[in-house]
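A quick write-up on the structure given underneath.
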Amino acid sequence: RVQLVESGGGSVQAGGSLRLSCAASGFTYSSNCMAWFRQVPGKEREGVASIYTGGGATYYTDSVKGRFTISQDNANNTVSLQMNNLKPEDTAMYYCAASEYFSCRSYQLNDFDFRLWGQGTQVTVSS
């Protein structure tokens, strides 16, 4: 089965932390672009962070720089998103996505570049 499975979402108060994980299976994990997107109902998906699994290069949207960290664990075929100092504005459904290496860019993430998506995990940050 070709799939991505997210876990780690939940509810936390502002200033707290959560760690999201995305387990990949059914395809070659190496030399891919793995990314996290988030979406609030009624709005378009926003690219949060990405990592090129072949070299480790990362991208973060400005609003999460310094607070979120994306990382890869090749031993477990997973990509994680450590989210610290969470803010209410971070509340969203978070999705893991995978694509070819060229979808990882230094300046942006485009949801239409990605064809493989996880089911999503909800993150809710309260004041």
In terms of hydrophobic clusters joined by side-chain contacts under 4.5 Å, are [X] and [Y] together?
X      : Y      : value
Leu116 : Trp36  : yes
Phe114 : Met34  : no
Trp117 : Met93  : yes
Ile70  : Leu20  : yes
Tyr60  : Val125 : yes

Can you find a pair of side-chain heavy atoms, one from [X] and one from [Y], that are under 4.5 Å apart?
X     : Y      : value
Phe68 : Gln82  : no
Thr91 : Val123 : no
Tyr94 : Glu6   : no
Val12 : Thr124 : no
Glu46 : Val40  : no

Do the charged groups of Lys65 and Asp62 touch, with an N to O distance under 4.0 Å?
-> yes
Distance from [X] atom [atom1] to [Y] atom [atom2], nearest 0.5 Å?
X      : Y      : atom1 : atom2 : answer
Arg38  : Thr121 : CZ    : OG1   : 14.0 Å
Arg67  : Met83  : CZ    : CE    : 9.5 Å
Tyr52  : Cys33  : OH    : SG    : 10.0 Å
Cys104 : Ile51  : SG    : CD1   : 8.0 Å
Ser11  : Leu18  : OG    : CG    : 8.5 Å
Asn32  : Thr53  : CG    : OG1   : 5.0 Å

Does atom CD of Gln108 have more than 12 heavy-atom neighbours from other groups under 6.0 Å away?
-> yes
For Gln122, look at atom CD and say whether over 12 heavy atoms of other residues, nucleotides or ligands are found less than 6.0 Å away.
-> yes
Of all heavy-atom pairs linking Thr78 and Ala23, the shortest is CG2-CA, 3.8 Å
Heavy-atom closest pair (Ser127 atom, Ala14 atom, distance to 0.1 Å) is CA-CB, 4.4 Å
Side chains of Ser17 and Asn84, donor plus acceptor under 3.5 Å | yes
Under 3.5 Å side-chain donor-acceptor pair for Arg19 and Ser80 = yes
Between Phe37 and the options Asp111, Thr61, Val48, the side-chain contact (heavy atoms from CB on, under 4.5 Å) test singles out Asp111
Atom pairs and distances, donor-acceptor, side-chain atoms in residues 96-103, under 3.5 Å, two or more places apart:
from, atom 1, to, atom 2, distance (Å)
Ser99, OG, Ser103, OG, 2.7
Ser99, OG, Asp113, O, 2.8

Where the side chain of Asp90 meets the backbone of Lys87, is there a donor-acceptor pair that is under 3.5 Å apart?
-> yes
